S.K.: 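Quick one: the structure is below, and I'll ask about it shortly.
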Amino acid sequence: TVETMETTSMPADDQRTPILRLDNVTKRFGGLTAVNQVSLQIYPGEVVALGGDNGAGKSTLIKMISGVYKPDDGHIFLEDREITMTSPMEARSLGIETIYQDLALCENLDASVNIFLGREPSRRLLGIFKQVDRGKMLSESQSVLNRLDIRIPNLKRPIREMSGGQRQAVAIARAVYWNARLVIMDEPTAALGVPEQRKVHELVRTLKQQNVPVIIISHNMQDIFASADRIIVMRRGLKVGDVLAKDIDGDWLVGLMVGAGEA
């Protein structure tokens with residue numbers, strides 16, 4: 001029998017403030033309760049995998065954290081300050097960056113334009129006219145890519161000419177450049193080959209080293225165990241597990257996700 005299981009992610013005497021805290025967050029759609037009184041904490045430099053079968057409530061939970069949905073009940077805190085978000089842009093302004101599976105990149109534009117999209121720096125031409133500062137965008141983009149140990153030859157190439165791993169790297173670089181306090185990654189290695197999957201795992205570790213916490217939503221067990229310090233499991237809208245990754249194996253995790261052995 002697989003039972004609901006929780007362990008603390010930090011020692012009991014750890015006095016650090018979580019970057020993100022959810023207290024009894026609930027979201028309903030008509031008569032359906034998609035997320036039911038979920039509480040969790042995400043600490044600095046921690047990689048947390050969010051697991052669960054389709055329909056478990058993972059996406060709805062993430063959309064509340066990233067400003068797409070407003071909770072019907074409960075509270076969301078960012079570094080101990082309660083926040084109420086009305087849009088994804090508001091979440092981004094607070095430092096919550098979400099990298100969706102489609103990456104939300106403009107295929108016809110280059111890496112530097114994508115990193116600054118909607119927040120382009122400008123300079124004055126002849127002291128009068130404002131002009132987008134392409135030189136600054138390129139140099140700043142190269143700088144943040146260097147920080148992440150990412151090598152992309154010719155940053156002026158359109159995104160559509162880049163590999164899946166390079167695109168993922170650009171999306172992560174965008175989050176880091178804008179001083180993300182929390183990065184959420186939705187199925188980060190979907191449709192990537194094995195070498196590119198490894199690169200994504202390396203990028204997650206780099207974020208961790210820079211004390212930026214990461215939430216990964218993934219169906220891929222290799223993703224989860226390669227990157228996560230802790231795993232939060234959802235089933236039918238409930239949080240049914242909060243465990244250290246080193247304490248469990250894949251079979252146990254799958255059993256918890258699907259409710260194997262329940263009466």
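Position 1 is the first residue of the sequence, and the numbers go up from there. The model shown is predicted, which means the values in this text are computed figures rather than measured ones. Just so it is clear, the values below take in all heavy atoms, side chains as well, and ignore hydrogens, waters and symmetry mates.
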S.K.: Before accepting this row, confirm whether a basic side-chain N of the pair Arg134/Asp110 lies closer than 4.0 Å to the acidic partner's carboxylate O.
M.R.: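 Answer for the salt bridge query: yes.
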S.K.: If hydrophobic clusters are built by linking Ile, Leu, Val, Met, Phe, Trp and Tyr wherever their side-chain heavy atoms come under 4.5 Å apart, do Phe77 and Val48 end up in the same one?
M.R.: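 Unlinked, Phe77 and Val48 end up in two clusters.
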S.K.: If you measure from CG on Leu78 to CG on Leu94, what distance do you get to the nearest 0.5 Å?
M.R.: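 Spacing of CG (Leu78) from CG (Leu94) equals 6.0 Å.
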S.K.: Ignoring hydrogens, what is the shortest heavy-atom contact between Ile152 and Ile150? Give both atom names and the distance.
M.R.: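 The answer is CG1-CG2, 3.8 Å.
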S.K.: Quick one, Lys58 with Asp53, criterion salt bridge (charged side-chain N to carboxylate O under 4.0 Å, His left out). Give me CA distance, side-chain angles, the key distance, then yes/no.
M.R.: CA-CA 9 Å; Lys58 304 186 305 295; Asp53 213 347; over 6 Å; no
S.K.: Answer yes if the side chains of Ser218 and Asp223 hold a donor-acceptor pair under 3.5 Å, and no otherwise.
M.R.: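 Judged by distance alone, the side chains do pair up.
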S.K.: Does one side chain, of Glu196 or Thr189, offer a donor that lies under 3.5 Å from an acceptor on the other?
M.R.: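 No - no donor-acceptor pair under 3.5 Å links their side chains.
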S.K.: Salt bridge or not between Lys208 and Asp229? Use side-chain N to carboxylate O under 4.0 Å.
M.R.: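 Asp229 and Lys208: salt-bridged.
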S.K.: Treating Ser141 as the side-chain partner and Met137 as the backbone partner, does any N or O pair qualify as donor plus acceptor under 3.5 Å?
M.R.: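 Answer holds: yes.
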S.K.: So, does Gln209 use its side chain to make a donor-acceptor pair with the main chain of Thr206 at under 3.5 Å?
M.R.: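 Checked: no pair found.
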S.K.: Going by heavy atoms in the side chains, are Asn24 and Asp73 under 4.5 Å from each other?
M.R.: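 No - every pair of side-chain heavy atoms lies 4.5 Å or more apart.
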S.K.: Are more than 12 heavy atoms from other residues, nucleotides or ligands located less than 6.0 Å from atom CZ of Arg124?
M.R.: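 Buried by this count: over 12 neighbours within 6.0 Å.
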S.K.: Output yes when Arg151 and Asp149 qualify as a salt bridge under the 4.0 Å nitrogen-oxygen rule, no when they do not.
M.R.: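 Yes, this pair counts.
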S.K.: Consider only side-chain N and O atoms of Gln131 and Arg123, and report whether a donor and an acceptor are under 3.5 Å apart.
M.R.: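 Yes - a donor-acceptor pair under 3.5 Å links their side chains.
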S.K.: Look up atom CD1 in Ile65 and atom CG in Leu50, then write down how far apart they are to the nearest 0.5 Å.
M.R.: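 Separation between the atoms: 7.5 Å.
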S.K.: Restricting to non-hydrogen atoms, name the atom on Ser227 and the atom on Ile216 that form the minimum distance, rounded to 0.1 Å.
M.R.: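 So the two residues come closest at CB-CD1, 3.8 Å.
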S.K.: Under a 4.0 Å threshold between the charged nitrogen and the carboxylate oxygen, would Glu202 count as salt-bridged to Lys199?
M.R.: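 Yes, Lys199 and Glu202 are salt-bridged.
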S.K.: Ignoring hydrogens, what is the shortest heavy-atom contact between Asp242 and Arg230? Give both atom names and the distance.
M.R.: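 Reported closest heavy-atom pair: OD1-NH1, 2.9 Å.
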S.K.: Which one of Ile232, Val47, Ile42, Asp186 satisfies the side-chain contact (heavy atoms from CB on, under 4.5 Å) criterion with Ile215?
M.R.: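 Of the listed residues Ile232, Val47, Ile42, Asp186, the side-chain contact (heavy atoms from CB on, under 4.5 Å) partner of Ile215 is Ile42.
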S.K.: What's the spacing between Arg21 CZ and Glu79 CD if we round to 0.5 Å?
M.R.: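 So the gap between those two atoms works out to 12.0 Å.
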S.K.: Working to the nearest 0.5 angstrom, can you tell me the gap between Asn108 CG and Ile159 CD1?
M.R.: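 So the CG of Asn108 and the CD1 of Ile159 are separated by 10.0 Å.
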S.K.: Locate the shortest heavy-atom distance separating Gln41 from Pro18; write the atom from each residue and the value.
M.R.: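 Answer, listing the atom of Gln41 first, then Pro18: CB-CB, 4.0 Å.
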S.K.: Rounded to the nearest 0.5 Å, how far does CG of Leu155 lie from CG of Asn114?
M.R.: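 Result: 11.0 Å between the selected atoms.
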S.K.: Hey, is Arg167 close enough to Glu107 for a salt bridge, meaning N to O under 4.0 Å?
M.R.: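 Salt bridge present between Arg167 and Glu107.
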S.K.: Grab the two heavy atoms, one from Val183 and one from Ala175, that are nearest each other, plus how far apart they are.
M.R.: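 Minimum heavy-atom contact is CG2-CB, 4.1 Å.
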S.K.: Of the non-hydrogen atoms in Pro188 and Ile217, which two are nearest, and what is the gap between them?
M.R.: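 Looking at all heavy atoms of both residues, the closest pair is CD-O, 3.8 Å.
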S.K.: Quick check: are there more than 12 heavy atoms from other residues, nucleotides or ligands sitting under 6.0 Å from CZ of Phe29?
M.R.: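 Yes, CZ of Phe29 has more than 12 neighbouring heavy atoms, counting only those of other groups under 6.0 Å.
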S.K.: Out of curiosity, Lys239 NZ to Leu61 CG, how far, rounded to the nearest 0.5 Å?
M.R.: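 So the gap between those two atoms works out to 10.0 Å.
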S.K.: Whether Arg92 engages the ring of Trp178 as a cation-pi pair (distance to the six-membered ring centre under 6.0 angstrom, angle to the ring normal within 45°) should be assessed.
M.R.: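 No.
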S.K.: For residues Val25 and Gln37, determine if any side-chain heavy atom of one lies less than 4.5 Å from a side-chain heavy atom of the other.
M.R.: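 Of all side-chain heavy-atom pairs linking Gln37 with Val25, none is under 4.5 Å.
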